[in-house]
Amino acid sequence: MSQPCADSVRADLDADGYAVVNRPGGQRQAVELMQEIGRFVPQYTGAVEHEVVYRPGNDGRAYSQSRNAIRCHTEAPGWDPSPRHLALYCHRQARCGGGHTDLLDLKVLEKLLSLAEHALLTGSRIAFPGPPDDAGRSTTVTVPMLYQEEDGRPVLRFSYNLLTAADYDASLDARADPERLPLGRAGAELAYRASELFDQYRTQVLVPDGHLLIWDNQRMLHARSAYTDERRHLTRYWIAG
């Protein structure tokens, strides 16, 4: 069987915003393919690999190592730049019917939003919390949720949890004071609307064992459905442009 080609993956990313790579030959071969797409970026812990697997103690949060649903977002919106691509290598997929990775293209979302909602997306600047700097001080990126790079390419930064609970990994019962929210009640309403549209128009992907899913994190909203199978296991990668 021929190995997948980085050029064909790039073509799928350009056309559809995501690509499912069928059995790249194992995790090592998947890593080699991703390194042809771009450079790995350290994640929240400083490591380039993050194990997306259930860990006890996270049951009350919308977090990657819980079994809970995670609402629509882009990854690391407070990083500068945010990861261009995200990838999940699947070791063992959930057998319970849940655990889908859901995707929605910005091109679709923009057509569905009202003029006022789109204006809020592009016209209001948010201070997105980022990683600590070398001195341990907190950092932020203050930008609109949707803007264009100098070459005209749109960049989306979005977090349902941040807009509705002022926390990336919000607890399931979070009820934030609207005054504490980045865009107040208007931002929360936009998040609810985006989540509603996301659920209606998303593409659901249940990555098969031994396959790789990669998508454009600056173009695609993503989310995850809840699951019960505690043996579900994927490895996540952030990739620079």
Side-chain angles (χ1 to χ4, degrees), residues 1-53 55 63-65 70 73-94 99-107 128 130-134 139 141 149-159 168 203 205-224 232-241:
M1 180 183 298
S2 62
Q3 294 299 309
C5 168
D7 287 342
S8 66
V9 174
R10 289 191 193 95
D12 287 342
L13 289 169
D14 288 343
D16 302 322
Y18 74 97
V20 177
V21 181
N22 298 329
R23 297 194 179 280
Q27 187 175 8
R28 182 177 64 81
Q29 289 82 0
V31 164
E32 292 173 355
L33 174 64
M34 286 183 279
Q35 288 176 322
E36 292 188 57
I37 302 297
R39 172 180 53 84
F40 285 143
V41 178
Q43 301 183 46
Y44 301 107
T45 64
V48 298
E49 293 185 338
H50 173 75
E51 303 308 322
V52 181
V53 63
R55 302 290 190 206
Y63 175 59
S64 64
Q65 293 184 335
I70 301 174
H73 64 288
T74 62
E75 196 76 10
W79 267 241
D80 188 20
S82 61
R84 176 63 189 275
H85 295 106
L86 237 69
L88 292 171
Y89 178 79
C90 183
H91 304 278
R92 185 187 186 278
Q93 188 51 264
H100 293 79
T101 300
D102 299 334
L103 301 166
L104 180 66
D105 197 329
L106 170 64
K107 295 177 181 180
F128 289 102
D133 63 16
D134 292 339
T139 63
V141 173
E149 294 282 23
E150 291 183 359
D151 62 2
R153 183 177 61 81
V155 174
L156 178 65
R157 298 175 186 251
F158 190 88
S159 171
Y168 288 142
T203 297
V205 182
L206 197 63
V207 190
D209 296 0
H211 288 49
L212 177 71
L213 170 64
I214 181 170
W215 68 91
D216 187 333
N217 179 58
Q218 297 179 352
R219 169 179 166 182
M220 309 289 286
L221 285 171
H222 72 277
R224 186 190 70 200
R232 179 182 187 267
H233 181 198
L234 301 94
T235 300
R236 184 181 70 200
Y237 299 88
W238 294 358
I239 305 171

**Fill in**
Correct closest heavy-atom pair for Y44 and A76 would be OH-N, 3.6 Å
**Prompt:** Distance from S64 atom OG to L234 atom CG, nearest 0.5 Å?
**Reply:** 10.5 Å
**Asked** Just wondering, do H85 and N217 contact through their side chains at under 4.5 Å, heavy atoms?
**Response** no
**Item:** Enclosure of D151 CG (heavy-atom neighbours >12, cutoff 6.0 Å)
**Value:** yes
**Message:** Once rounded to the nearest 0.5 Å, what's the spacing between atom CZ of R153 and atom CD of Q218?
**Reply:** 4.5 Å
**Request:** Output, in order, the C-alpha distance, side-chain angles, deciding distance and verdict of side chain to side chain contact (heavy atoms under 4.5 Å, CB included) for W79 and Q43.
**Result:** CA-CA 10 Å; W79 267 241; Q43 301 183 46; over 6 Å; no
**Over 12 non-hydrogen atoms of neighbours within 6.0 angstrom of OH in Y237** = yes
**Asked** Are R157 and V141 close enough, and set up right, to give a side chain to side chain contact (heavy atoms under 4.5 Å, CB included), and what steps lead you there?
**Response** CA-CA 10 Å; R157 298 175 186 251; V141 173; 3.9 Å; yes
**Item:** Residue pair S82 / T74, side-chain heavy-atom distance below 4.5 Å
**Value:** no
**Asked** Between Y89 and Q29, is any pair of side-chain heavy atoms under 4.5 Å apart?
**Response** no
**Prompt:** Which one of L103, D105, L104 satisfies the side chain to side chain contact (heavy atoms under 4.5 Å, CB included) criterion with R219?
**Reply:** D105
**Message:** Please report the interatomic distance OG1(T203) to NE2(H100), rounded to the nearest 0.5 Å.
**Reply:** 11.5 Å
**Message:** Are the side chains of R232 and R92 in contact, using a 4.5 Å heavy-atom criterion?
**Reply:** no
**Prompt:** What pair of heavy atoms forms the shortest contact from P208 to C90, and how long is it?
**Reply:** O-CB, 3.4 Å
**Message:** I'd like to check M34 versus F40 (side-chain heavy atoms, cut-off strictly below 4.5 Å). Are they in contact?
**Reply:** yes
**Prompt:** Can you tell me how far the CD atom of Q65 sits from the NE2 atom of H50, to the nearest 0.5 Å?
**Reply:** 4.5 Å
**Message:** Just so I know, are the side chains of I239 and I214 near enough to count as touching, which here means a heavy-atom distance under 4.5 Å?
**Reply:** yes
**Prompt:** How many angstroms lie between atom CG of L13 and atom CD1 of I37, to the nearest 0.5 angstrom?
**Reply:** 6.0 Å
**Asked** Hey, does Q93 have a side-chain heavy atom less than 4.5 Å from the side chain of H211?
**Response** no
**Sub-4.5 Å side-chain heavy-atom contact between W238 and L86** = yes
**Asked** CZ of R23 to CG of D209: how many Å apart, nearest 0.5 Å?
**Response** 7.0 Å
**Message:** Check whether R84 reaches the backbone of G241 with its side chain - one donor and one acceptor, N or O, closer than 3.5 Å.
**Reply:** no
**Asked** Given T101 and W215, is the side chain to side chain contact (heavy atoms under 4.5 Å, CB included) satisfied, shown in steps?
**Response** CA-CA 11 Å; T101 300; W215 68 91; 4.1 Å; yes
**Message:** When you measure from the side chain of D16 to the backbone of Y18, do you find a donor-acceptor pair of N or O atoms at a distance under 3.5 Å?
**Reply:** no
**Candidate list D14, D7, D12, test side chain to side chain donor-acceptor pair (under 3.5 Å), partner R10, passing option** = D7
**Request:** Mark yes or no for whether H73, through its side chain, and H222, through its backbone, hold a donor-acceptor pair below 3.5 Å.
**Result:** yes
**Message:** Using a 3.5 Å distance criterion without hydrogens, assess whether the side chain of R236 forms a donor-acceptor pair with backbone atoms of V52.
**Reply:** no
